[in-house]
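Note sheet for the following structure.
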2 protein chains.
Amino acid sequence: MNNPGTVTGLTAVILAVTEETPRVLVVRRMSHDLATPAQLGSVDPDVDSPDTFPFGPFDPVRHRTLESGLRQWVEEQTGLDLRYVEQLYTFGNEFRDPRELHGGPRLVSVGYLALTRESPVAGTGDAEWRDWYSFLPWEDMREGSPKLIETVIRPALRTWIDQAADRATREQREERVSVCFGFDAAAPRDPVRTLERYELLYEADAVIETHRDRLAIQRARGVTPTEPDPRALESARLLGAPMALDNRRILATALGRIRGKLAYRPVVFDLLPTEFTLFQLQRVVEALAGKRLHKQNFRRMLMAGDLVEPTGRMDSSGRGRPAELYRFRRGVAQERAIVGVTLPSISAAE
Amino acid sequence: MNNPGTVTGLTAVILAVTEETPRVLVVRRMSHDLATPAQLGSVDPDVDSPDTFPFGPFDPVRHRTLESGLRQWVEEQTGLDLRYVEQLYTFGNEFRDPRELHGGPRLVSVGYLALTRESPVAGTGDAEWRDWYSFLPWEDMREGSPKLIETVIRPALRTWIDQAADRATREQREERVSVCFGFDAAAPRDPVRTLERYELLYEADAVIETHRDRLAIQRARGVTPTEPDPRALESARLLGAPMALDNRRILATALGRIRGKLAYRPVVFDLLPTEFTLFQLQRVVEALAGKRLHKQNFRRMLMAGDLVEPTGRMDSSGRGRPAELYRFRRGVAQERAIVGVTLPSISAAE
DNA sequence: TAAACTATACTCAAATTGAGCATAAAAGCG
DNA sequence: CGCTTTTATGCTCAATTTGAGTATAGTTTA
């Protein structure tokens, strides 16, 4: 086999929040330069043209840095005004791009997280905003623990635990499941561990990607595909909308990162308009955290951190008593910002 | 100018701790594949053959993942048994590799942090362990604030603040300096913000790399080099040993990451032998954190987190009362490990 | 006018954190 | 041997932070 080398590209996870709804920008077709996703041995018809994140090759002649490269083509292609931008992770696994199975190059992709205030996407019409929890439904605990955790995830993980070859493996799996999803009352669920949860589900054959990838690899290698358990497949299809390649893994990485960042950097403000009520701010934080917060404590924390200041104006558009409008204290908190917004963990009880 | 494309490589920051001394593995010459660092317009003779981190190109044919690639060549070349390995950041700035100035390709390098128990480096003889604080001396607060903070850093940053063009910039710089180094009593110094500190020093022309890079770029562009202020140069030479390329920035990234990780993952144990006294453990954490810890509180935290268990054996090699030997509770804490080792911030007073 | 909803001020107990005191057990040294 | 030095280990205490309420006020909507 010849050495097809590597292709280096940039993947953008662009987040916004409208009112209560968290959104991420996805494209239906892959970008021109890497068009037509190779036929994956698709397990599920839905997977045939699944969503991807905006992707562009990195051109060192045009771009001084990876970040400026990303900013430039995202702004060119979507017209969005990216605010906070942060490098996430570089993904370089074998067969990330299924074309590698047929002799294509390794696709090394530097993932970036970008925050913006939501606005209609200009430019190429194939990009659209989607609720990010439609891809990772088990991460949204705002209305309590979603039903599919008990009905789909728990049984699937139970099966996986029971399939352990020996006692030690079995106990390790039990512990891991318990920690990731907080089933054990002793270890409350940590909102930041999104990637671990996704990877656990992937390993446990609980998401559709596991089956898809296995099948694709087996086909490319000329091995007779193993017939997946129909019950496992059906269960996997219930676990959120699929995405192409490892894009759901990337989304999980992004979500974990932004949740972690929340605690020590005032990043929320890059998702909000210049002026906002404290309750709007809280709604956005809740959308990110995937859980409800205690209102009084939330504002206490904001005040203690000197993160916001009142504008004097009021917002009467809401239903109840009008709330005062605040603005982010740029400058001071910008740098200081040892304080962010702390997220409590989610107790197993709730 | 033709398009020379990119080269994708892997950079390894390998850390170990011997007794009290933190160590990082550096090589004197660059690895074969990217040998002979181009002549940087070296400001300082010492910079002519500076240390670099082990670097190797990424070969997608041999390596299924970036991490396995890194593990493989590091273990081949050094014989070290890498334990914890984590991706740090991908560096792709213009002119990272000075050969780019002369038409070379962009060097995109995926940085990895690796922990190992120190052992003599086998294999190619040009690798050696160095105290990592020799490169970032302002990060070691174990014996109180190092003198060079007051004698070198503070004056240099003062000059930078005074050079601000306008009042707003000036205040921003003041705030930033104060937050990074904790000069202001209100904002204690955060051990995790190592990268911010390095970048601040770089921007403020306080480290030698700023001068080196500026000169190199000016020469390559055929611009007459600006003569650097001799006092600034002299001061910059006092700020730790230099490294090639952006390797000190990478080290700062690594140090910040491991310090942050300490708080929520039991990574220290990958630097220790199987059995250790609590005091040895504390010494290692202190080496990482760059500050001294309260002994009693430290063990209280360990016990609360169930991270270690006594072996029953005693260590009598020390001078005082023999200490009990402990081992890391693998398995349980491995996964649970919401608890790590929390680092207090460093108050300005001390 | 009541019900519903939102804003905002306070309180309180539990848990966490930073710092110290006290005592125990060894080694080294006169 | 007795004294100093050094390290280990158990325990207390106050300050702060955190999670969860109670109480009351100001608006809109049925």
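Naming convention: chains lettered A, B, ... in sequence-line order (proteins, then strands); numbering from 1 in each chain. Predicted model, so just to flag it, every value in this text is computed and none were measured.
Between A/Arg259 and A/Glu139 there is a salt bridge, since at least one side-chain N of the basic residue sits less than 4.0 Å from a carboxylate O of the acidic one.
At least one side-chain heavy atom of A/Val308 sits less than 4.5 Å from a side-chain heavy atom of A/Leu278.
Remark: side-chain polar atoms of A/Gln280 are paired, donor with acceptor, to backbone N or O of A/Thr277 under 3.5 angstrom.
Between the side chain of B/Arg321 and the base of C/dA26 there is no donor-acceptor pair of N/O atoms closer than 3.5 Å. The base of C/dG18 sits with one of its N or O atoms less than 3.5 Å from a complementary donor or acceptor on the side chain of B/Arg300. Residue side chain B/Gln296 does not reach the base of D/dT12 through any donor-acceptor N/O pair under 3.5 Å, judged by distance alone.
Within 4.0 Å (heavy atoms only), B/Glu324 reaches sugar-phosphate atoms of the nucleic acid but no base atom.
Across the protein-nucleic acid pair, A/Arg299 atom CZ and C/dT8 atom P stand 5 Å apart, rounded to whole Å. In this structure, the CE atom of A/Met303 is 18 Å from the C1' atom of D/dT18, given to the nearest Å.
Put simply, B/Lys295 has no side-chain N or O that comes within less than 4.0 Å of OP1 or OP2 on D/dT7.
Take the nearest nucleotide of DNA chain D for A/Pro322 and for B/Gln280: the residue whose nucleotide is more 5' is B/Gln280.
Residue B/Arg189 comes nearest to B/Phe181 through the heavy atom pair CD-O, 3.8 Å, listed as atom of the first residue, atom of the second, then distance.
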